Amino acid sequence: MSMQGFLRVPDNQVNENYRLKLDNFDELDAILSGVDTIFLDEREKNIIGTHYDVDEMVITDGSNGSRIVGEGEIRIKAVKCDNVVDTTGCGDTFMAAYITQKLLLKSSENAGNFASRIASEKIK
């Protein structure tokens, strides 16, 4: 399950332009009940913490790579890309590639490395 969007709420306090901020909410425990893996970025992880009963948290951080937190922590390096064209949808691409490989290979580390390579190709 992707956390993208769940924690985003309007923040009109910054200025008159519409902006978003991240915030936790009470129903999050119920939403995550029965979820095996959640995908989120570092800012979202800092909002919700790590106390949820999920098998894995896949935490992305753009060009800094990602982390897969489960029984331990696996660090995945970002694949360098010299020709960034558009990063729109990169997180979705990473998530889809990760899930596909995880289902096929059962290895979080291999799935994370594959997803990093595919996400790098997407932004070219």
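Note that this is a predicted model, so its numbers are computed, not measured. Starting from 1, each residue takes its place in the sequence as its number.
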Please say yes or no: joined through hydrophobic side-chain contacts below 4.5 Å, possibly via intermediate residues, are [X] and [Y] part of one cluster?
{"X": "Ile118", "Y": "Val85", "result": "no"}
{"X": "Met1", "Y": "Val69", "result": "yes"}
{"X": "Ile31", "Y": "Val35", "result": "yes"}

Roughly how far apart are [X] [atom1] and [Y] [atom2], rounded to 0.5 Å?
{"X": "Thr37", "Y": "Ile99", "atom1": "OG1", "atom2": "CD1", "value": "7.5 Å"}
{"X": "Asn110", "Y": "Lys102", "atom1": "CG", "atom2": "NZ", "value": "10.0 Å"}
{"X": "Ser107", "Y": "Ile68", "atom1": "OG", "atom2": "CD1", "value": "8.0 Å"}
{"X": "Ile74", "Y": "Glu56", "atom1": "CD1", "atom2": "CD", "value": "7.0 Å"}
{"X": "Leu40", "Y": "Thr60", "atom1": "CG", "atom2": "OG1", "value": "7.0 Å"}
{"X": "Ser66", "Y": "Met95", "atom1": "OG", "atom2": "CE", "value": "13.5 Å"}

[X] and [Y]: which non-hydrogen atoms are nearest, and at how many Å?
{"X": "Ile38", "Y": "Leu32", "value": "CG2-CD2, 3.5 Å"}
{"X": "Tyr98", "Y": "Ala115", "value": "N-CB, 3.7 Å"}
{"X": "Asp86", "Y": "Thr88", "value": "OD1-OG1, 2.7 Å"}
{"X": "Val54", "Y": "Met57", "value": "CG2-CG, 3.8 Å"}

Original post:
Sequence neighbours excluded, which residues qualify as side-chain contact (heavy atoms from CB on, under 4.5 Å) partners of Asp55?
Top reply: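 Residues passing side-chain contact (heavy atoms from CB on, under 4.5 Å) with Asp55: Asp36.
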**OP:** List for me each residue that meets ring-ring contact (aromatic ring centres under 6.0 Å, His included) alongside Phe94, sequence neighbours excluded, and say none if there are none.
**Re:** none
Subject >> Any pair counted as side-chain hydrogen bond (donor to acceptor under 3.5 Å, both in side chains), so long as it reaches residues 113-123, sequence neighbours left out >> reply: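 For residues 113-123, and leaving out neighbouring residues, the side-chain hydrogen bond (donor to acceptor under 3.5 Å, both in side chains) pairs sorted by first residue read Glu121-Lys124.
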Original post:
In this structure, are over 12 heavy atoms from other groups packed under 6.0 Å from Glu71 atom CD?
Top reply: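 Counting other residues, nucleotides and ligands, CD of Glu71 stays at 12 neighbours or fewer.
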Original post:
Just wondering, do Ile59 and Asp41 contact through their side chains at under 4.5 Å, heavy atoms?
Top reply: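 They are not in contact (no side-chain heavy atoms under 4.5 Å apart), so the answer is no.
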